Amino acid sequence: MAQSGANPLGRLRRDAQRNRDLLLAAAREMFSRHGLDVPLDQIAKEAGVGNATLYRNFPTREALIAEVFADAGAGLAAAGQEALAAEDAWTGLERYFERIFELVAADRGINDLVTRAIPTVPRMTEISRGHAATVGALIARAQEQGSMRRDVVTMDLLFLLGPLCRALPAATELRPDLWRRYLALLLDGFRARATHPLPVPPVGEEHLDRMFADLWEAQAPEA
C-alpha cells in the first residue's frame, strides 16, 4: 500500500525555491530603492530568511546582482533597435537616451547597472558594451545625416552622460522630470550647429570598461 502524506524531499525543494524567490523579490525591490550597495543582511531580513539562506543561494553580491538583472539587457537592446530604426537619426538618439534616463531616474539599481561595469559579472559587462555599441551606431547615423558634429566619438557621450545619470537620484528628489532639462542641454552641445573646435582629443573606447570598473571598485562595499 502506498504511503500517504507529502513527499518530504519535494516539500524541502519547494521551500528552497520559495526562499530563493523571496530573496530575489526582496533584492529587486531594495536595489530599486537604494542601489546595488544595499547591505545583504538587510535583503535577507526583508525576505524573511536568515543570512545563511541568502549566502547558500547567492555566495556573493555579484551572484545576486547577476540573477536579479539577468534580463536587464533585453529592454536596453530593444530601445536601441527602436532608436536605430528611426528615420531621423537625431530623433532616434534623443529617444534612446530619454528611455534610459526614464529608467535610471526611477530605479537606483538600474542606475548603478548602466553606469558601472562589474568585472566579476560578465553579463553586466556585456550590457555595458552593448550599450556602447548602440551609442556608437546612433552617433554614426546622426553624423551621416549631418545633425551631429563630426568630431564626436562614443566615449564623449558616455563620459558625460554617465555622471549625469549618477546625479539623477538627487535630481529626481527635487523634481521627477528635472533630468529632461539637463539631458537636453547636454545633447544640444553635440549638435552640428553648435560646433566649435575641441582643444584635446578624446580617450579611446578601450578605456570604457576600466573607467566604470574603477567606479565600481571605489564605491562597492564589503559583501
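Numbering of residues begins at 1 and proceeds along the displayed sequence. Predicted model only: the values in this text are computed from it and were never measured.
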Chemist: Rounded to the nearest 0.5 Å, how far apart are CD of Gln81 and OG1 of Thr134?
Modeler: 7.0 Å
Chemist: Measure the shortest side-chain to side-chain distance between Met30 and Glu46 over non-hydrogen atoms and say whether it is less than 4.5 angstrom.
Modeler: yes
Chemist: Is Gln143 reaching over with its side chain to a backbone N or O of Val152, donor-acceptor style, under 3.5 angstrom?
Modeler: yes
Chemist: Do the side chains of Leu158 and His131 get nearer than 4.5 Å, heavy atoms only?
Modeler: yes
Chemist: Please say yes or no: joined through hydrophobic side-chain contacts below 4.5 Å, possibly via intermediate residues, are Leu40 and Leu22 part of one cluster?
Modeler: no
Chemist: For Leu54, is there any backbone N or O sitting under 3.5 Å from a side-chain donor or acceptor partner on Asn57?
Modeler: no
Chemist: If you measure from CZ on Phe97 to CG on Leu161, what distance do you get to the nearest 0.5 Å?
Modeler: 4.5 Å
Chemist: Using a 4.5 Å cut-off on heavy atoms from C-beta on, say whether the side chain of Val135 contacts that of Ile139.
Modeler: yes
Chemist: So do the side chains of Leu187 and Leu93 get within less than 4.5 Å of each other, counting heavy atoms only?
Modeler: yes
Chemist: For residues Thr154 and Gly136, report the shortest heavy-atom separation together with the two atoms involved.
Modeler: OG1-CA, 3.2 Å
Chemist: Find the distance between CZ (Arg14) and CG (Asp21) and round it off to the nearest 0.5 Å.
Modeler: 13.5 Å
Chemist: Decide, yes or no, whether a salt bridge links Asp177 with Arg175 under the criterion of side-chain N to carboxylate O below 4.0 Å.
Modeler: yes
Chemist: Please confirm whether the backbone N or O of Cys165 pairs with a side-chain atom of Asn111, one donor and one acceptor, at under 3.5 Å?
Modeler: yes
Chemist: Please find the pair of heavy atoms, one from Ala44 and one from Asn51, that lie closest to each other, and give the distance.
Modeler: CB-OD1, 3.4 Å
Chemist: Between Arg95 and Glu98, is there a side-chain N and carboxylate O pair less than 4.0 Å apart?
Modeler: no
Chemist: Between Arg191 and Arg149 (side chain of the first, backbone of the second, donor and acceptor by atom type, cut-off under 3.5 Å), is there such a pair?
Modeler: no
Chemist: Please enumerate all residues that pass ring pair (Phe, Tyr, Trp, His ring centres under 6.0 Å) together with Trp179, with sequence neighbours excluded.
Modeler: Phe101
Chemist: Return the CG to CD1 distance between Leu36 and Ile65, rounded to the nearest 0.5 Å.
Modeler: 4.5 Å
Chemist: Can you measure from CD1 (Ile100) to CG (Leu183) and round to the nearest 0.5 angstrom?
Modeler: 9.5 Å
Chemist: Check this for me, if you would: do Asp107 and Arg33 make a salt bridge, where the nitrogen-to-carboxylate-oxygen distance has to be below 4.0 angstrom?
Modeler: no
Chemist: Looking at Arg20 and Glu67, is any side-chain nitrogen of the basic one under 4.0 Å from a carboxylate oxygen of the acidic one?
Modeler: yes
Chemist: Is the shortest heavy-atom distance from the side chain of Leu186 to the side chain of Tyr182 under 4.5 Å?
Modeler: no
Chemist: Nearest heavy-atom pair of Ser32 and Ala106: which atoms, and what distance?
Modeler: OG-O, 4.2 Å
Chemist: Might you point out which heavy atoms bring Trp90 and Ala142 nearest each other, and give the distance in Å?
Modeler: CE3-CB, 4.5 Å
Chemist: Is the backbone N or O of Gly35 less than 3.5 Å from a side-chain atom of Asp112, with the two atoms forming a donor-acceptor pair by type?
Modeler: no
Chemist: Between the side chains of Arg141 and Glu87, is the shortest nitrogen-to-carboxylate-oxygen separation below 4.0 Å, so that they form an ion pair?
Modeler: no
Chemist: Calculate, to the nearest 0.5 Å, the distance between atoms OH and OG1 belonging to Tyr55 and Thr60 respectively.
Modeler: 9.5 Å
Chemist: Taking the side chain as every heavy atom from C-beta outward, state whether Leu160 and Phe190 have any atom pair closer than 4.5 Å.
Modeler: yes
Chemist: What pair of heavy atoms forms the shortest contact from Arg28 to Val68, and how long is it?
Modeler: CD-CG1, 3.3 Å
Chemist: Walk me through it: do Asp37 and Phe31 pass the test side chain to side chain contact (heavy atoms under 4.5 Å, CB included)?
Modeler: CA-CA 8 Å; Asp37 297 338; Phe31 285 155; over 6 Å; no
Chemist: Any side-chain heavy-atom pair from Phe69 and Leu64 closer than 4.5 angstrom?
Modeler: no
Chemist: Mark yes when over 12 heavy atoms from residues, nucleotides or ligands other than Arg181 sit less than 6.0 Å from its CZ; otherwise mark no.
Modeler: no
Chemist: Taking Gln145 for the side chain and Ala89 for the main chain, is one N or O donor matched with an acceptor at less than 3.5 Å?
Modeler: yes
Chemist: Answer whether the closest heavy-atom distance between the side chains of Leu185 and Asp188 falls below 4.5 Å.
Modeler: no
